[in-house]
Amino acid sequence: GWLPALQLLRRGSKAVTRHWKAAHFQRQKLLALTEYLPPRPALPPRCLPRPAPPQQQEDGYARVLRAQLEATLRASRMVAVCQYNAMAEEDMATLRHFLRRHNIHVKFVLNEVARAVLAQSRLQNLLPLFVCRNILLVSPEPRAREMLRVLRGVPQVNLLGACIDDTILSRQGVENLARLPSLEVCQGQTVAALSLLPSQTCSLLQRGPAHLAALLEQHIRRLRGAGGAAEPPPGPGTA
């Protein structure tokens, strides 16, 4: 026979024959009786001590950085904290060069490492300064005047504070320290001030005898000018 060119075939899904059905009453009782009940603890959990927090193992790289920073701080008499803004590599190399001429070195440190080290050192009062990207300017000698002279031409590096000879100073304190004369000049002024009082005391003590000697010498000159020193007349008991 003849078949049409287009045939439609219905392909439906199978009918769902399994629906949820409550278990039998006897089965529910059996499951309830055979349910596992864990034993109750002897002490309530709120009475037990709190478990210790897990200790995080320290990173080896962070340990190395912290040891290097500790060694640098121990060997430095001047530690300056500066805020560092982005600058070209050539400008940074120039800054390092001019600071190295005065024996001042630039140290880039992470704030996490710096806080961990400073919290256990004499520089713990510098912790509030580590809130942004910072660099350290360290030197084995106090070079405040030379450091300020170099930083005056670098606006990207701002001085926040420093520790010079175990003394915490602000920016204004560092500037005041830089205006002071050198150690040799201060020592000379101190020696001059200390030697002034003994010299005045010595001159006051010598003033009386010197004045008496001058009066006696003037009296002798007057007697010689009047005809020489005449012999005193003989007394009644002389022959």
Ser139 side chain near His102 side chain, heavy-atom distance below 4.5 Å: no
Step through the shown structure and confirm whether more than 12 heavy atoms of other residues, nucleotides or ligands are within 6.0 Å of CD on Gln172. yes
Given 3.5 Å as the limit, does a donor-acceptor pair link the side chain of Arg145 with the main chain of Ala178, or not? yes
Side chain His24, main chain Gln26, donor-acceptor under 3.5 Å: yes
Is Met78 reachable from Val154 through a run of hydrophobic residues whose side-chain heavy atoms are each under 4.5 Å from the next? yes
Hey, does Val174 have a side-chain heavy atom less than 4.5 Å from the side chain of Met147? yes
Return the CZ to CG distance between Arg115 and Leu126, rounded to the nearest 0.5 Å. 13.0 Å
Please examine the side chains of Val138 and Ile104, heavy atoms only from C-beta on, and report whether any two atoms are closer than 4.5 Å. no
With a 3.5 Å cut-off and sequence neighbours excluded, list the donor-acceptor pairs that the side chains of residues 183-195 form with protein atoms.
from, atom 1, to, atom 2, distance (Å)
Thr190, OG1, Cys186, O, 2.8
Ser195, OG, Val191, O, 3.0
Ser195, OG, Ala192, O, 3.1

Rounded to the nearest 0.5 Å, what separation is found between the CD atom of Glu141 and the CG atom of Asp165? 10.5 Å
Would you give the length of the straight line joining atom SG of Cys82 to atom CZ of Arg171, rounded to the nearest 0.5 angstrom? 8.5 Å
For a quick test of reading the model, state the closest non-hydrogen atom pair linking Asn176 to Arg179 and the distance between them. OD1-NH1, 2.7 Å
Heavy-atom pair of closest approach, residues Ala116 and Arg66: CB-NH1, 3.9 Å
Test of understanding: clusters of I, L, V, M, F, W, Y form through side-chain heavy atoms closer than 4.5 Å, transitively. Do Leu118 and Val79 belong to the same one? yes
Give me the atom names and distance for the closest heavy-atom approach of Pro39 to Tyr36. CD-OH, 3.8 Å
All ring pair (Phe, Tyr, Trp, His ring centres under 6.0 Å) counterparts of Phe108, not counting sequence neighbours: Tyr84
Keeping the roles fixed (side chain from Asn134, backbone from Leu129), state whether a donor-acceptor pair exists under 3.5 Å. yes
If I compare all heavy atoms of Ala80 with all of Leu159, which pair ends up nearest, and what's the gap? CB-CD1, 3.8 Å
So which heavy atom on Arg77 is nearest to which on Pro140, and how close? CD-O, 3.1 Å
Do the side chain of Glu70 and the main chain of Val117 share a donor and acceptor less than 3.5 angstrom apart? no
Roughly how far apart are Leu204 CG and Ser199 OG, rounded to 0.5 Å? 9.5 Å
Test your reading of the model: is there a side-chain donor-acceptor pair from Arg100 to the backbone of Val106, 3.5 Å cut-off? no
Name all residues meeting the ring pair (Phe, Tyr, Trp, His ring centres under 6.0 Å) criterion together with Phe98; count only those two or more places apart in sequence or in a different chain, and write none if there are none. none
Are Val64 and Val113 linked, directly or through intermediate hydrophobic residues, by side-chain heavy-atom contacts shorter than 4.5 Å (ILVMFWY only)? no
Any chance you could measure Gln83, atom CD, to Asn158, atom CG, to the nearest 0.5 Å? 5.5 Å
For residues Leu65 and Gln68, determine if any side-chain heavy atom of one lies less than 4.5 Å from a side-chain heavy atom of the other. yes
Between Ala119 and Gln124, which heavy-atom pair has the shortest distance, and what is it? O-OE1, 3.7 Å
Check step by step if side-chain contact (heavy atoms from CB on, under 4.5 Å) holds for Asn85 and Val157. CA-CA 6 Å; Asn85 300 315; Val157 179; over 6 Å; no
Ile135, Leu160: one ILVMFWY side-chain cluster at the under-4.5 Å cut-off? no
Does some side-chain heavy atom of Leu95 sit less than 4.5 Å from a side-chain heavy atom of Leu151? yes
Between Cys163 and the options Leu123, Leu169, Leu73, the side chain to side chain contact (heavy atoms under 4.5 Å, CB included) test singles out Leu123
Checking Arg143 side chain against Asn103 main chain: does a donor-acceptor pair fall under 3.5 Å? no
Measuring from Lys107:NZ to Leu137:CG, what's the distance to the nearest 0.5 Å? 11.0 Å
Any donor-acceptor pair under 3.5 Å from Asn111 side chain to Arg133 backbone: no
